[in-house]
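I have placed the structure first, in the form of structure tokens, so that the comments after it can refer back to it.
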Amino acid sequence: MSENYERLNEIRNEANDLTIFEQVKDYAFDYMNEVCNRNVKPTEQALENLKIFEEALPSDGVSAKEILKQLHEYGSPATPAQTGGRYFGFVNGGVIPAAVASKWLTDVWDQNTALNVISPITSTLEEVCEKWIVELLGLPTGTAAGFVTGSSTASLCAMAAARNFLLKRKGYDVVKNGLFGAPPIRVVVSKEAHTTIFKALSVLGLGTERVETVPSDGEGRIDASKIPKLDDNTLLILQAGNVNTGSFDNFSEIIKMAKEKKAWVHVDGAFGLWAAASDKFKKLTDSVALADSWATDAHKTLNVPYDSGIVLCRDKTALTNALQVDASYIIATGKRDGMHYTLDMSRRARVIELWAALKSLGKNGVKELVDELFDKACYFAKKLEQNGFKVLNDVVFNQVTVYIGDQKQTNEFLARLQNSGVCWCGGSKRNDVPFVRISVCSYRTTFADIDKSVEAFVKAVQS
């Protein structure tokens, strides 16, 4: 019957043609060998060449070899060199070799990780990583973890658990009754909370106008003295790593105060939560483990390939009740079924890359990674100051903010810096003051990379 399906038969033959995979391996090796030396920003020609992809869907399929050739020839040059050593934008980490290699293997496995019965290996490694991360970050024993796309989704899952828990405490079942007629709950958050927190509040029906926002101090920490009186009907959202300054809220003071009032505390720690793995940052992360839920990304500080977010919740039942699904075709084995810890049923096996990175680094390696990112951020700030630049923030982790001038001057400087191809940084603003934001996130960054980037800063100012 299938003999009449010409293109499908050709694709079946391609599945047995291992030279396709040798071809892509060569392309990948070319990219990895060049990424640290090439322009960090794609050239104008590379971006112009992307027009080759703007075509009508072909009637007849194209061979895998031609597709791969086009991707490498025109796609590879149009990628920012994010996995090199001089990309300092958007808090994007590099990629640990064991993690990216494991991703190649698991892409071939192509596992759906909804249920243990669908992918026993993924289910097993999710349990392993859950235990490792809880231990590594000093979180309460029994804390549950869900493996999602990023901390945006992680916070959404955690805050759904918090919303449902707080409403159930008031005798209201939001799972059964929805939000129609639900008693109100309070949300208290810093005015400098990440934008994804406000997005999650909107999606969850908690609104953004009803939120009680608290002023922050000069470093972006929530002002503990301005936090309104808390109660057992409150969701308090704190931050481990301000997206601009890298600052950490005063967990020791605030969380203890919140727990006395039985408020639910969620910590957005997209890149900063990993600081809890090192004693060097004990003062910053003291008492963070007293919170009820946490969100973080492994594709930032931990240098795991995209995408790799993690939601952590002290109360496993609160998390799984908020995300639980059931159907007649679902086969429960009594073992971990990953879909009960995330929004998605069908998910790729991203936890395997996380497991590979953690196993590759070990406890000491994770500590060294977060310590070194801090050391290099401090070095970057010091070298900039020695060259006449004004650093606006106290460097407490991996973020550096640099004042250039007004918005026009900052934009023009950034254009020159990015177009140099030497390094890539983005811009941001706090209290109407624009600045250049540097995020030191990659293990590939060397002190020589920083020296070269500082030279590019100097030239961009002088141009």
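Worth saying up front: this structure is predicted, and the values here are computed from it rather than measured. Position 1 is the first residue of the sequence, and the numbers go up from there.
Between Phe397 and Phe281, the distance from one ring center to the other falls under 6.0 angstrom. Taking the centre of each ring, Trp264 and Phe165 come in below the 6.0 Å mark.
A salt bridge is defined here as a Lys NZ or Arg NE, NH1 or NH2 lying under 4.0 Å from an Asp or Glu carboxylate O, and Lys376 with Asp449 fails to meet this definition. Using a 4.0 Å cut-off between charged nitrogen and carboxylate oxygen, Lys316 and Glu130 do not count as a salt-bridge pair. With salt bridges taken as basic N to acidic carboxylate O contacts below 4.0 Å, none links Arg38 and Glu34. Ion pairing of Glu127 with Lys131 is absent here, as no side-chain N (NZ or NE/NH1/NH2) approaches a carboxylate O to less than 4.0 Å. Of the charged side-chain nitrogens involved, none lies within less than 4.0 Å of a carboxylate oxygen, so that Lys103 and Asp107 do not count as a salt-bridged pair. Between Arg336 and Glu126 there is a salt bridge, since a side-chain N of the basic residue sits under 4.0 Å from a carboxylate O of the acidic one. We find that Asp292 and Lys259 are joined by a salt bridge, their nearest charged nitrogen and carboxylate oxygen being less than 4.0 Å apart. Salt-bridge annotation for Asp249 and Arg221: absent, with no side-chain N of the basic residue lying under 4.0 Å from a carboxylate O of the acidic one. Lys282 and Asp286 are not joined by a salt bridge, as no carboxylate oxygen comes within less than 4.0 angstrom of a charged side-chain nitrogen. One finds a salt bridge joining Glu48 and Lys51 here, because a Lys/Arg side-chain nitrogen approaches an Asp/Glu carboxylate oxygen to under 4.0 Å. Classification of Lys25 and Glu22 as a salt-bridged pair holds, one side-chain N sitting under 4.0 Å from a carboxylate O. Salt bridge annotation for Asp232-Lys261: absent, with no cationic side-chain nitrogen under 4.0 angstrom from a carboxylate oxygen.
Two residues are said to be in side-chain contact when any heavy atoms from C-beta on lie closer than 4.5 Å; Ser442 and Asn303 meet this criterion. With a 4.5 Å cut-off on side-chain heavy atoms, Trp132 and Lys363 do not count as touching. Contact annotation: the side chain of Lys65 approaches that of Ile20 to within less than 4.5 Å [non-hydrogen atoms, C-beta and beyond]. Within the 4.5 Å cutoff, the side chain of Phe389 has heavy atoms near those of the Val461 side chain. Side-chain contact between Val402 and Phe435: absent, with no pair of heavy atoms (C-beta onward) separated by less than 4.5 Å.
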Item to complete: Go through Lys408 and Glu412 one step at a time and tell me if the salt bridge (charged side-chain N to carboxylate O under 4.0 Å, His left out) criterion holds.
Response: CA-CA 6 Å; Lys408 182 175 182 292; Glu412 291 174 349; 2.6 Å; yes
Fill in: Criterion salt bridge (charged side-chain N to carboxylate O under 4.0 Å, His left out) on Lys191 and Glu212, from CA distance to verdict
CA-CA 9 Å; Lys191 76 168 188 176; Glu212 300 173 50; over 6 Å; no
Discussion item. Let's go through His266 and Ser155 carefully: what are the C-alpha distance in whole Å and the side-chain angles of both, what is the deciding distance for side-chain contact (heavy atoms from CB on, under 4.5 Å) to 0.1 Å, and is it a yes or a no?
Written reply: CA-CA 8 Å; His266 173 67; Ser155 284; 3.1 Å; yes
Item to complete: Begin with the C-alpha distance, continue with both residues' side-chain angles, and end with the deciding distance and a verdict on side-chain contact (heavy atoms from CB on, under 4.5 Å) for Arg347 and Thr342.
Response: CA-CA 9 Å; Arg347 293 176 300 124; Thr342 72; 3.4 Å; yes
Item to complete: List the steps, then state whether side-chain contact (heavy atoms from CB on, under 4.5 Å) holds for Cys425 with Leu417.
Response: CA-CA 8 Å; Cys425 302; Leu417 182 70; 4.1 Å; yes
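Results of the ring-ring contact (aromatic ring centres under 6.0 Å, His included) test with Phe88 over Trp424, Phe457, Phe380 single out Phe380 as the only residue that passes. Each of Thr106, Ile352, Thr122 was compared with Gln111 under the side-chain contact (heavy atoms from CB on, under 4.5 Å) criterion, and only Thr122 meets it. Partner of Val351 under the side-chain contact (heavy atoms from CB on, under 4.5 Å) criterion, out of Leu125, Thr124, Ile121: Leu125 alone.
The CZ atom of Arg186 lies 4.5 Å from the CG atom of Asp231; values are rounded to the nearest 0.5 Å. Leu68 contributes atom CG, which lies 11.0 Å from atom CG of Asp26 (distance to the nearest 0.5 angstrom). Between Leu361 atom CG and Ile96 atom CD1 the span is 4.5 Å, to the nearest 0.5 Å. The distance from atom CZ of Arg86 to atom OG of Ser420, rounded to the nearest 0.5 Å, is 9.0 Å. To the nearest 0.5 Å, the span separating CD1 on Ile237 from CG on Asp268 amounts to 8.5 Å. Taken from OG1 in Thr234 to CG in Leu166, the straight-line distance is 7.5 Å, to the nearest 0.5 Å.
Among pairs with a residue in residues 419-448, those fulfilling salt bridge (Lys or Arg N to Asp or Glu O under 4.0 Å) read Glu192-Arg430, at least two apart in sequence or across chains.
Among all heavy-atom pairs drawn from Leu369 and Tyr443, the shortest one is CD1-CB, 3.8 Å.
One N or O on the side chain of Thr79 and one on the backbone of Ser76 form a donor-acceptor pair closer than 3.5 Å.
Cation-pi check for Lys280 over Phe374 is not met; the charged atom does not lie both under 6.0 angstrom from the ring centroid and within 45 degrees of its normal. The cationic group of Arg350 does not satisfy the cation-pi geometry with Tyr306, failing either the under 6.0 Å distance to the six-membered ring centre or the 45° limit from the ring axis.
Looking only at atom types and distance, the side chain of Lys41 has a donor-acceptor partner in the side chain of Asn419 under 3.5 Å away.
Ring orientation note: the planes of Tyr27 and His72 are close to parallel, at an angle under 30° on the 30°/60° scale.
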